[in-house]
**Q** 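This is the structure, below, for whatever I ask next.
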Amino acid sequence: MSVTIARLSAGFPNVIGTIDCTHIAIKAPPQGPNEGDFVNRKGVHSINVQMVCDSMCHITNVEAKWPGSVHDSRIFRESGLCTLFERGKKKRLILIFHTYFGPNITAFLHYTGAYDGIPLGDRGYACRQYFMTLFPDPNPGPRTCYNAALARTRARIEMTFGQIKGRFQCLKSLRVAPDRACDIIVACAVLHNIATIRKERTPVVEVQPDDDLQPVHLDQPSGRAARDRIVQHYFEY
């Protein structure tokens, strides 16, 4: 149902979810060889957290283990979600979280059945056959319509970030060690889903502007071809 809602509300076809990363500030870890890894582009110690959400702002996937200096595209590239897509195991997302405690904490989903859909991301990610991103500086026309539809659909993940940070003020800055911070982030994601499913009051959302990261890898040829096919089938009138 959420795929249908996303398509109808923003005009982008076959969306399985929108993906992005958000930084959760933490206190500076003790001085050591890895302390600098947690300093992000803004000079703040943080955890860079990848999340995927659906059109109802349910968090369907979360990776909370990477220090703030790591680029969004690397987090996706090394995630279990990317591995499943690369292997062609297209399966339905089910909201069952597994949590691994310790320095490499992560949460992910069990998969069952089959789906026909793609995730959407911003220009911080490379366009892949199964992962659509924006055209860089398109001329007016179908590609501009494609970009507009993708941006409207992808806005759900920014809204989700605003909701979870509004519900859990601790996520503004966690004064704990990195491994403990990852535990708390995952717990907040689970509690956010429970609150959303129960239709609890939604906090006032302060949507932050995109970081507009540039991809560290060029778009893949198969991704560009798939993106062109979507434009041809859905955005050329």
Side-chain angles (χ1 to χ4, degrees), residues 17-54 57-84 93-111 121 124 157-198 200-208 211 213:
T18 58
I19 184 170
D20 203 357
C21 290
T22 187
H23 286 268
I24 304 298
I26 61 171
K27 75 174 183 179
Q31 291 291 330
N34 299 323
E35 181 268 335
D37 293 344
F38 290 92
V39 179
N40 63 27
R41 296 187 305 123
K42 297 181 179 179
V44 177
H45 291 83
S46 68
I47 303 294
N48 197 8
V49 182
Q50 176 183 280
M51 293 186 184
V52 183
C53 78
D54 65 13
C57 295
H58 300 125
I59 298 170
T60 55
N61 183 279
V62 56
E63 288 262 349
K65 65 178 182 179
W66 293 93
S69 65
V70 179
H71 194 280
D72 294 3
S73 62
R74 180 188 171 189
I75 295 175
F76 175 74
R77 193 171 64 251
E78 298 193 17
S79 68
L81 193 62
C82 179
T83 300
L84 288 173
L93 300 176
I94 303 297
L95 293 174
I96 305 175
F97 284 88
H98 272 204
T99 303
Y100 288 79
F101 294 96
N104 293 320
I105 181 173
T106 186
F108 59 94
L109 303 175
H110 277 252
Y111 298 80
I157 189 64
E158 302 298 337
M159 185 179 298
T160 300
F161 290 154
Q163 288 183 7
I164 191 172
K165 291 179 180 180
R167 280 194 166 111
F168 305 102
Q169 294 294 309
C170 64
L171 295 181
K172 299 288 180 68
S173 181
L174 291 170
R175 308 296 296 172
V176 295
D179 56 344
R180 181 59 175 162
C182 293
D183 292 354
I184 293 170
I185 293 165
V186 173
C188 289
V190 174
L191 292 172
H192 164 82
N193 281 350
I194 293 171
T196 303
I197 291 168
R198 291 172 56 118
E200 301 286 349
R201 183 182 63 85
T202 303
V204 176
V205 175
E206 298 178 6
V207 177
Q208 299 297 318
D211 285 339
L213 293 177

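Residues: numbered from 1 along the sequence shown.
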**Q** When you measure from the side chain of Asn48 to the backbone N and O of Val70, does any donor-acceptor pair fall under 3.5 Å?
**A** yes
**Q** Under 4.5 Å between any side-chain heavy atoms of Lys165 and Thr22, yes or no?
**A** yes
**Q** Side chains of Ile185 and Leu174: closer than 4.5 Å at any heavy-atom pair?
**A** yes
**Q** Do Gln50 and Ile19 have side chains that approach each other closer than 4.5 Å (heavy atoms only, starting at C-beta)?
**A** yes
**Q** Got a donor-acceptor contact below 3.5 angstrom from the Asn193 side chain to the Ile59 backbone?
**A** yes
**Q** Heavy atoms, side chains only, cut-off 4.5 Å: are Val44 and His23 in contact?
**A** no
**Q** Under the side-chain contact (heavy atoms from CB on, under 4.5 Å) test against Met51, which residue among Asp20, Thr18, Ile164 passes?
**A** Ile164
**Q** Under the side chain to side chain contact (heavy atoms under 4.5 Å, CB included) rule, what do Ile26 and Arg180 come out as? Steps first, then yes or no, please.
**A** CA-CA 10 Å; Ile26 61 171; Arg180 181 59 175 162; over 6 Å; no
**Q** Minimum heavy-atom separation for Gln169 to Gly166, with atom names?
**A** NE2-O, 3.0 Å
**Q** Rounded to the nearest 0.5 Å, how far apart are CZ of Arg77 and CD1 of Ile75?
**A** 10.5 Å
**Q** What closest approach, in Å, do Gly68 and Asn40 show between heavy atoms, and which atom pair accounts for it?
**A** O-CB, 3.4 Å
**Q** Measuring only between side-chain heavy atoms, which start at C-beta, is Asn34 closer than 4.5 Å to Pro29?
**A** no
**Q** Is any side-chain heavy atom of Cys188 less than 4.5 Å from a side-chain heavy atom of Cys170?
**A** yes
**Q** For Thr160 and Cys53, which heavy atoms make the closest approach, and how far apart are they?
**A** OG1-SG, 3.4 Å
**Q** Under the side chain to side chain contact (heavy atoms under 4.5 Å, CB included) test, which residues partner Arg198, sequence neighbours left out?
**A** Ile194, Glu200
**Q** Distance check, rounded to the nearest 0.5 Å: Asp179 atom CG versus Lys65 atom NZ?
**A** 14.0 Å
**Q** Between His45 and Pro178, is there a donor-acceptor pair closer than 3.5 Å when you use the side chain of the first and the backbone of the second?
**A** no
**Q** Can you tell if the side chain of Thr202 reaches within under 4.5 Å of the side chain of Arg167, non-hydrogen atoms only?
**A** yes
**Q** Which distance, rounded to the nearest 0.5 Å, do you find between the CZ of Phe161 and the SG of Cys21?
**A** 7.0 Å
**Q** Closest heavy-atom contact between Ser79 and Glu63?
**A** CB-OE2, 3.5 Å
